[in-house]
There are 2 protein chains.
Amino acid sequence: MAGQTVDVIRIDPESAAHPYLQLADQLRAGIKAGEIGPVLPSIMQLTEETGLVTGTIRRAIGILVDEGLVYTVPGRGTFVRRD
Amino acid sequence: MAGQTVDVIRIDPESAAHPYLQLADQLRAGIKAGEIGPVLPSIMQLTEETGLVTGTIRRAIGILVDEGLVYTVPGRGTFVRRD
DNA sequence: TCTCATTTGTTCGTATGTATC
DNA sequence: AGATACATACGAACAAATGAG
């Protein structure tokens, strides 16, 4: 199992903001607020909770990876980088 | 060991029907015809016999689980539900 | 009790085709 | 036309449960 369920994630399909950006923003905020971590919810969990598909989830997480905020380990999960 | 080899499974990659649906249909038909069971071939066996990958096999089996036709036991296998 | 092989479960990575905006 | 999103499938690694010995 990966991280806990995160009920702070709310994607608004009607919003002008793209879902992958909404998700990246909310994940980032949750991490910085200490509400998310040290292990992020799995892509499958996020798929269920957000209604988005894996490609979109991965894209949002990819942003946080690029920012150096988290890192992923294949077969394990996505982790908040502690430094 | 799990179930016997099942040479009734034939996935057509050229078909318009998605492989996971083809497999689910053929497994269901084989079970109802009494040709498959009481233990399904393992996921590994099915990957070899169909050329599909584990994710696709699992998805097909998941359909039969949802239908109540079979159930899975971790470390044991997938069994036809007898009722 | 311990080890090992088998089996299902979970997870990330990548690719392709289609649909929508 | 291009970017975004969805659906499906393939590839790979690791984890956990089970049973045999």
Side-chain angles (χ1 to χ4, degrees), chain A residues 1-6 9-27 36-81, chain B residues 1-6 9-27 36-66 69-81:
Chain A
M1 188 95 72
Q4 71 295 333
T5 52
V6 177
I9 307 292
R10 292 283 183 278
I11 303 299
D12 178 10
E14 308 303 317
S15 169
H18 292 299
Y20 80 95
L21 288 177
Q22 290 183 52
L23 178 56
D25 287 346
Q26 292 182 29
L27 286 174
I36 298 178
V39 185
L40 264 64
S42 72
I43 290 179
M44 206 180 77
Q45 281 179 322
L46 287 173
T47 296
E48 293 171 354
E49 295 180 19
T50 63
L52 306 176
V53 294
T54 62
T56 305
I57 307 291
R58 282 207 66 261
R59 184 166 190 179
I61 291 177
I63 291 175
L64 305 185
V65 171
D66 289 344
E67 291 175 356
L69 195 60
V70 303
Y71 63 98
T72 63
V73 181
R76 298 292 308 283
T78 300
F79 304 84
V80 175
R81 191 179 295 279
Chain B
M1 193 91 74
Q4 72 295 333
T5 53
V6 177
I9 306 292
R10 291 285 183 277
I11 303 299
D12 178 12
E14 306 304 316
S15 169
H18 291 298
Y20 80 95
L21 288 177
Q22 290 184 53
L23 178 56
D25 288 345
Q26 293 182 28
L27 285 174
I36 298 178
V39 184
L40 265 65
S42 71
I43 291 177
M44 207 181 76
Q45 281 179 323
L46 286 173
T47 62
E48 291 171 356
E49 295 180 20
T50 63
L52 304 176
V53 292
T54 62
T56 304
I57 306 290
R58 188 177 305 285
R59 183 168 187 177
I61 293 177
I63 291 174
L64 305 185
V65 170
D66 289 344
L69 194 60
V70 303
Y71 62 96
T72 63
V73 181
R76 296 285 308 283
T78 301
F79 303 85
V80 175
R81 191 178 296 279

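Letters go in sequence order (proteins before strands), and every chain restarts at 1.
In this structure, A:Gln22 atom CD and D:dA5 atom C1' are separated by 13 Å, rounded to whole Å. Distance, A:Leu40 CG to C:dC12 P: 9 Å, rounded to whole Å. Atom pair A:Tyr71:OH and C:dG13:P shows a separation of 13 Å (rounding to whole Å applied). As a whole-Å value, the separation of B:Met44 CE from D:dG11 P is 16 Å. Between the C1' atom of C:dT6 and the CD atom of B:Gln45 lies a distance of 10 Å, rounded to the nearest Å. Protein atom CD1 of B:Ile43 is 14 Å distant from nucleotide atom P of D:dC10, rounded to whole Å.
Residues from residues 51-64 of chain B placing a heavy atom under 4.0 Å of any atom in DNA chain D, listed by number, are B:Leu52, B:Val53, B:Thr56, B:Arg59.
Pairing each heavy atom of B:Gln26 with each of B:Ile9, the nearest pair is OE1-CA, 3.2 Å. The two residues B:Ala17 and B:Gln22 come nearest to each other via the heavy atoms O-NE2, 2.9 Å. The two atoms that bring B:Ala24 and B:Leu64 nearest to each other are O-CD2, 3.8 Å, heavy atoms only.
A:Ser42 has no side-chain polar atom (N or O) that falls below the 4.0 Å cut-off from OP1 or OP2 of C:dT10. At D:dA17, none of the side-chain N or O atoms of B:Arg76 fall inside 4.0 Å of OP1 or OP2 (strictly under the cut-off). Taking side-chain N and O atoms only, A:Tyr20 has a distance below 4.0 Å to OP1 or OP2 of D:dT4. For C:dG9, the OP1/OP2 oxygens have a side-chain nitrogen or oxygen of B:Thr72 closer than 4.0 Å.
Every side-chain contact (heavy atoms from CB on, under 4.5 Å) that A:Val53 has, sequence neighbours left out, goes to A:Thr56. Listed by chain and residue number, nothing satisfies the salt bridge (charged side-chain N to carboxylate O under 4.0 Å, His left out) test with B:Glu48 (two or more places apart in sequence, or in another chain).
Taking every side-chain heavy atom of B:Pro19 into account, D:dA9 is the closest of C:dG9, D:dT4, D:dA9. Each of D:dA9, C:dC12, C:dT8 was ranked by its minimum atom distance to the side chain of B:His18; first place goes to D:dA9.
Results of the side chain to side chain contact (heavy atoms under 4.5 Å, CB included) test with A:Leu46 over A:Ile61, A:Thr54, A:Leu40, A:Leu52 single out A:Ile61 as the only residue that passes.
Here the side chains of A:Ile63 and A:Leu21 are in contact, with some heavy-atom distance below 4.5 Å.
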